[in-house]
Engineer: 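Before I ask anything, here is the structure I am working with.
Throughout, numbering of the chain's residues begins at 1 and tracks the sequence.
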Amino acid sequence: MGQPPVVYGQSERPPRGDYSRAQDDYTCAQNWAAYTAADHDTYHRLYQRQSAQLPGLASEAFIAALPSLGARERIPRFDDVNEGLYKATGWELVAVPGLIPEVPFFQLLANRKFPVTDWIRKPEEFDYIVEPDVFHDLFGHVPLLFNPVFADYVQRYGEGGLKAARLGACEMLSRLYWYTIEFGLIRESGALRAYGAGILSSAGELPYSVQSPEPRRLPLELARTMRTRYKIDTYQQTYFVINSFQQLFDLTEGDFTPLYEELRGLPEFAADAD
């Protein structure tokens, strides 16, 4: 048992997380008893800060589903969340030690299993953390898995990811994940709102993404999104906007193989391109 650590992008420090606990599919048991009082306090303070920002900035669907995570005073037990989540959409949370490779990640999503990092940031990382932790994954991602249409989109993305891996197209498809599941914006009742987990779990990027005049906000279109590079260490310079989760689901209905072939011969867009 045990798997090699995973790193995306360039980093001078080894990834956090005990990968010796990881099974073949990179999942592990959530060692809930190992969380300290300081860990629970960090989660509680992060939850309080982010939930106070949501009105007027976050998707109403997200706000409505957030209480499904349970008590905000402590890190939830994944099994407790799973009771309601499985009944709602057939999804379940599985613990992972940190970032995992693309194919195991896609395989979990295709099987309606969402990988959640089980460690939490240190108090000195309260405002910024390089890798996703349990707060980012739980608070940012999990509430919308209670939404049936969005939950189906995430499963379909996982199925598409397995195919993209066979076609050598993971980089293009990863941009769709980045600009929807992580940093997506939606129009609800004519107003711009955030639904991406990277936005919803960030105190600074949530108001920036919705209110700032600086970033570009473009209608989500598959070819443009897959050609657009993104930033991993700053606020996004471009956001893609959907009109509904059903639109997002419908966009991914077709076979992407011809699209991948078309895009291979086209130049990419910079993260701040018009």
Side-chain angles (χ1 to χ4, degrees), residues 46-70 72 81 84-85 88-89 91 109 114 116 127-129 132 135-157 174-222 224-226 228 230-232 234-252 271-272 274:
L46 286 165
Y47 192 116
Q48 285 183 305
R49 180 180 69 174
Q50 288 308 112
S51 59
Q53 283 193 309
L54 299 178
L57 297 175
S59 163
E60 289 297 329
F62 178 88
I63 293 173
L66 185 59
S68 300
L69 292 182
R72 62 179 65 190
V81 179
L85 182 57
T89 59
W91 275 80
L109 297 187
F114 195 83
V116 176
D127 291 319
Y128 177 74
I129 186 168
F135 177 77
H136 166 83
D137 284 344
L138 273 176
F139 185 96
H141 284 288
V142 174
L144 281 180
L145 290 176
F146 284 83
N147 179 284
V149 179
F150 189 82
D152 285 348
Y153 167 68
V154 179
Q155 180 187 25
R156 181 176 278 180
Y157 181 90
S174 71
R175 293 170 180 167
L176 182 63
Y177 186 96
W178 187 268
Y179 283 119
T180 60
I181 294 171
E182 287 289 357
F183 289 93
L185 298 178
I186 186 172
R187 291 200 182 278
E188 292 180 339
S189 302
L192 198 64
R193 297 288 184 263
Y195 72 90
I199 301 174
L200 294 165
S201 61
S202 168
E205 192 150 6
L206 180 53
Y208 169 86
S209 67
V210 174
Q211 299 174 333
S212 173
E214 295 179 15
R216 293 155 183 80
R217 300 178 182 89
L218 306 176
L220 181 70
E221 188 268 328
L222 286 176
R224 173 59 197 260
T225 305
M226 290 184 181
T228 303
Y230 55 79
K231 300 284 189 178
I232 63 171
T234 65
Y235 294 165
Q236 298 307 298
Q237 295 168 297
T238 299
Y239 297 95
F240 290 92
V241 185
I242 61 173
N243 295 317
S244 69
F245 294 137
Q246 188 64 49
Q247 175 201 1
L248 188 60
F249 180 75
D250 292 344
L251 275 174
T252 57
D272 60 350
D274 289 321

Engineer: Please report the closest heavy-atom contact between Ala61 and Asn147, naming both atoms and the distance.
Structural biologist: CB-ND2, 4.2 Å

Engineer: Does Ile242 offer a backbone N or O that forms a donor-acceptor pair with the side chain of Arg187 under 3.5 Å?
Structural biologist: no

Engineer: Does any N or O in the side chain of Arg216 come within less than 3.5 Å of the main-chain N or O of Asp272, such that one atom is a donor and the other an acceptor?
Structural biologist: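 Yes: the side chain of Arg216 pairs with the backbone of Asp272.
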
Engineer: Considering residues at least two apart in sequence or located in another chain, which fulfil the side-chain contact (heavy atoms from CB on, under 4.5 Å) criterion with Asp137?
Structural biologist: Val116, Thr117, Pro132, His141

Engineer: Of the non-hydrogen atoms in Arg72 and Ser51, which two are nearest, and what is the gap between them?
Structural biologist: NH1-OG, 3.6 Å

Engineer: Minimum heavy-atom separation for Pro219 and Phe240, please, with both atom names.
Structural biologist: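 The pair with the smallest heavy-atom distance is O-CD2, 3.7 Å.
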
Engineer: Please enumerate all residues that pass side-chain contact (heavy atoms from CB on, under 4.5 Å) together with Gln246, with sequence neighbours excluded.
Structural biologist: Val149, Ser244, Phe249, Asp250

Engineer: Please examine the side chains of Leu218 and Tyr239, heavy atoms only from C-beta on, and report whether any two atoms are closer than 4.5 Å.
Structural biologist: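 The answer is no, as the side chains (C-beta and beyond) never meet within the 4.5 Å cut-off.
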
Engineer: Compute whether any side-chain donor of one residue and acceptor of the other, for Thr180 and Tyr157, lie under 3.5 angstrom apart.
Structural biologist: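 No, no side-chain donor-acceptor pair sits under 3.5 Å.
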
Engineer: Give a yes or no answer on whether the side chain of Thr89 reaches the backbone of Leu145 with a donor-acceptor pair at less than 3.5 Å.
Structural biologist: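 Pair found, side chain donor or acceptor close to backbone of Leu145.
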
Engineer: Find out whether Leu176 and Thr252 are in side-chain contact, i.e. whether some heavy atom of one side chain is under 4.5 Å from a heavy atom of the other.
Structural biologist: yes

Engineer: Using the test side-chain contact (heavy atoms from CB on, under 4.5 Å), find all partners of Ser212 that sit at least two apart in sequence or belong to another chain.
Structural biologist: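 Scan of Ser212 (side-chain contact (heavy atoms from CB on, under 4.5 Å), adjacent residues dropped) gives Tyr208, Glu214, Pro215, Arg217.
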
Engineer: Flag the pair Ser68 / Leu85 as yes when at least one side-chain heavy-atom distance between them is below 4.5 Å, and no otherwise.
Structural biologist: no

Engineer: Quick one: CD1 on Ile199 to CZ on Arg193, what's the gap to the nearest 0.5 Å?
Structural biologist: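 Rounded to the nearest 0.5 Å, the CD1-CZ separation comes out at 13.0 Å.
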
Engineer: Run the numbers on Tyr153 and Leu251 for side chain to side chain contact (heavy atoms under 4.5 Å, CB included), then give the verdict.
Structural biologist: CA-CA 10 Å; Tyr153 167 68; Leu251 275 174; over 6 Å; no

Engineer: With sequence neighbours excluded, what pairs up with Asp127 under the salt bridge (Lys or Arg N to Asp or Glu O under 4.0 Å) test?
Structural biologist: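 Expected list: Arg49.
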
Engineer: How long is the span from the CG atom in Leu222 to the CG atom in Leu220, to the nearest 0.5 Å?
Structural biologist: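 Leu222 CG to Leu220 CG: 6.5 Å, rounded to 0.5 Å.
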
Engineer: Specify the closest pair of heavy atoms between Leu200 and Ala58, including all atoms of both residues, with the distance to one decimal.
Structural biologist: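 Distance-wise, the nearest heavy atoms are CD2-CB, 3.5 Å.
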
Engineer: With sequence neighbours excluded, what pairs up with Phe139 under the ring pair (Phe, Tyr, Trp, His ring centres under 6.0 Å) test?
Structural biologist: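 For Phe139, the residues satisfying ring pair (Phe, Tyr, Trp, His ring centres under 6.0 Å) (neighbours in sequence not counted) are Tyr47, Phe62, Phe135.
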
Engineer: With ring centroids as reference points, do Tyr195 and Phe245 lie under 6.0 angstrom apart?
Structural biologist: yes

Engineer: Is the backbone N or O of Ala271 less than 3.5 Å from a side-chain atom of Thr238, with the two atoms forming a donor-acceptor pair by type?
Structural biologist: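 Checked: pair present.
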
Engineer: Write down the atom of Leu185, the atom of Leu192, and the distance for their closest heavy-atom approach.
Structural biologist: CD1-CD2, 4.0 Å

Engineer: For residues Gln53 and Pro207, report the shortest heavy-atom separation together with the two atoms involved.
Structural biologist: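 Shortest heavy-atom contact: NE2-CD, 3.9 Å.
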
Engineer: Would you indicate whether the side-chain heavy atoms of Val142 and Trp91 approach each other to under 4.5 Å?
Structural biologist: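 They are not in side-chain contact.
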
Engineer: Say whether Trp178 and Gln236, considering side chains only, have a donor N or O and an acceptor N or O under 3.5 Å apart.
Structural biologist: yes

Engineer: Atom NZ of Lys231 and atom CZ of Phe183: how far apart are they, to the nearest 0.5 Å?
Structural biologist: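 Here the rounded value is 13.0 Å.
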
Engineer: With sequence neighbours excluded, tell me which residues meet side-chain contact (heavy atoms from CB on, under 4.5 Å) with Pro67.
Structural biologist: none

Engineer: Any side-chain to backbone donor/acceptor pair from Glu205 onto Gly198? Under 3.5 Å, distance only.
Structural biologist: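 Such a contact is absent between Glu205 side chain and Gly198 backbone.
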
Engineer: Working to the nearest 0.5 angstrom, can you tell me the gap between Glu182 CD and His136 NE2?
Structural biologist: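 Nearest 0.5 Å value for the CD-NE2 distance: 4.0 Å.
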
Engineer: What distance separates Leu54 CG from Ile63 CD1, expressed to the nearest 0.5 Å?
Structural biologist: 5.0 Å

Engineer: Say you draw a straight line from CG of Leu144 to CD1 of Ile186; how long is it, rounded to the nearest 0.5 Å?
Structural biologist: 8.5 Å

